[in-house]
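On a predicted model such as this, the values are computed, not experimentally measured, just so you know. Reminder, nothing fancy here: chain letters follow the sequence lines and each chain counts from 1.
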There are 2 protein chains.
Amino acid sequence: MWQLYQFPLCPFSRKVRLLMGEKGIAYDLVNEHPWEHRPGFRDINPAGRTPAMLNSERDLTLSDSVAICEYFEETEPAKPLFAGSATVRAEIRRLVAWFDSKFYAEVGAPLLQEKMIKRLFYRQTPDATMLRHAMRAANEHMEMIGSLLDHHRWLTGTTITMADLAAAAHISVADYLGGIDWAGHDGVHDWYAAMKSRPSFRPLLDERMGPLLPPPHYGDVNF
Amino acid sequence: MWQLYQFPLCPFSRKVRLLMGEKGIAYDLVNEHPWEHRPGFRDINPAGRTPAMLNSERDLTLSDSVAICEYFEETEPAKPLFAGSATVRAEIRRLVAWFDSKFYAEVGAPLLQEKMIKRLFYRQTPDATMLRHAMRAANEHMEMIGSLLDHHRWLTGTTITMADLAAAAHISVADYLGGIDWAGHDGVHDWYAAMKSRPSFRPLLDERMGPLLPPPHYGDVNF
């Protein structure tokens, strides 16, 4: 059995969990707070980041969310999440990188720092300017996603791919932290409602990060 | 013919160029300074980052260095750079991500900011504390690479892979900017000398970033 080291609001771990859910691969969760720098975690992932995966029976560790997702795509190809021509696959990977680096840097990381780390671990209040910048950036990302969805039902075409899972994983963390204003983004709203209603998404929406609570619409499929 | 949008010290573009060189794929270089936010570049890569690739005959654009490398691995498989079992491929991708995110954040980005952007574009002097932190981090990365090379000739085994190209691309930029102290890293030194002597590496070592010059050992295969 695989063990997944993560914390509930890690967007990179959510991405892996959505993939595992879509492919029907069983795993156990292990709570890991990378900012606490637990020495034992370095043995599993020397980079000290979540997600990391451990399979004791096979004496195998995996880390980095992109490497993990590609590994399960190769070893469990039954339900492909990078399906299509080389060009389509390049577009899927471009969008995964977009959310992992650009969306995370501009939206996810500042929201996590200001609304999770500062509140839960330092008992500080968030910086209002940082939050405003993150929410403005989130709005621009919603516009970009909306323009992709003008052309097809999922981000890269007529089937769900890793691009949709990556986008939904990162958006879900921002939404939990109150960073998404859904007004005026009907296309993205409908796509995200479809994502939320998938069985792979349900366990994520039911989890809470300690005493930090999401807004009421967060877990609601009909939000 | 492919056009590669890049600047000489972009480590992500260097990674792609090493792959193109190893696979023998022809391309033209287009100089692009992403920090100038040229509007026309957004049409090629909406993320505004280098590298990006354009093939006008095929009406095809690619961006994000990971997506580009995987694309050419799939479409030009003759000289594989992600060769091996799924586990080996996961290790190759883990190391690529290590250099793209961890090495770049701790070493490459601060060196580029302090020694290239500040000097060439703002005529400011670099921050000595930032440089010291970057060089200390570089030294820790050299230790990590050395420990991998204790076990085999290349980073993941007996053949050169994308992990070696990623590591060499990022190290070469740090070395150009005087950020690498080679003393005490004999194993890494020998591996990097072997990398430098490859025909794919030669064109990169001969280029200069405007009036910014590398240390004398930078281009020397017998450094």
Side-chain angles (χ1 to χ4, degrees), chain A residues 12 16 34 42 44-49 51-53 55 58-77 82 84-106 109 140-141 143-145 147-148 156 162-163 166, chain B residues 12 16 34 42 44-49 51-53 55 58-77 82 84-106 109 140-141 143-145 147-148 156 162-163 166:
Chain A
F12 302 95
V16 169
R42 294 260 157 185
I44 297 163
N45 181 11
R49 294 178 186 176
M53 301 202 62
N55 190 317
R58 290 195 241 164
D59 192 24
L60 190 54
T61 56
L62 301 174
S63 62
D64 177 68
S65 68
V66 166
I68 294 172
C69 291
E70 298 273 1
Y71 174 85
F72 286 110
E73 180 73 0
E74 291 180 5
T75 55
E76 306 272 354
F82 294 79
S85 65
T87 310
V88 171
R89 289 159 65 87
E91 176 66 359
I92 293 168
R93 291 189 178 107
R94 179 186 79 83
L95 287 170
V96 170
W98 179 288
F99 289 99
D100 282 355
S101 62
K102 197 168 166 64
F103 186 97
Y104 181 68
E106 294 172 358
E140 287 171 17
H141 285 279
E143 296 281 346
M144 187 283 288
I145 301 167
S147 69
L148 292 174
T156 56
M162 200 61 223
Chain B
F12 302 95
V16 169
R42 294 258 157 186
I44 297 163
N45 181 10
R49 295 178 186 177
M53 301 204 60
N55 190 317
R58 290 195 241 164
D59 192 24
L60 190 54
T61 57
L62 301 174
S63 61
D64 177 69
S65 68
V66 167
I68 293 172
C69 292
E70 298 272 1
Y71 175 85
F72 285 110
E73 180 72 1
E74 292 180 3
T75 55
E76 306 272 354
F82 294 79
S85 66
T87 310
V88 171
R89 290 160 65 86
E91 176 65 359
I92 294 168
R93 292 190 178 107
R94 178 186 79 83
L95 287 170
V96 170
W98 179 286
F99 289 99
D100 282 356
S101 61
K102 196 168 165 65
F103 186 97
Y104 181 69
E106 294 171 0
E140 287 170 17
H141 284 279
E143 296 281 347
M144 186 282 288
I145 301 167
S147 68
L148 293 174
T156 56
M162 200 62 224

So which of A:V96, A:L62, A:T75, A:T87 has the largest heavy-atom pair count under 4.5 angstrom toward chain B?
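Maximum pair count with chain B is reached by A:T87.
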In Å and rounded to the nearest 0.5 Å, what is the OG1 to CD distance from A:T61 to B:E91?
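With rounding to 0.5 Å, OG1 (A:T61) is 7.5 Å from CD (B:E91).
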Could you give the distance from CG (B:D100) to CG (A:D100), rounded to the nearest 0.5 Å?
12.0 Å
Is A:R94 close to chain B through its backbone or its side chain, or both, or neither, when contacts mean heavy atoms under 4.5 Å?
both
B:C69 and A:R93, any side-chain heavy atoms less than 4.5 Å apart:
no
Short side-chain donor-acceptor distance under 3.5 Å, B:R49 and A:S101:
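Side-chain D/A pair, A:S101 to B:R49: present.
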Contact summary for A:A90 and B:Y71, nearest pair of heavy atoms
CB-CD1, 4.0 Å
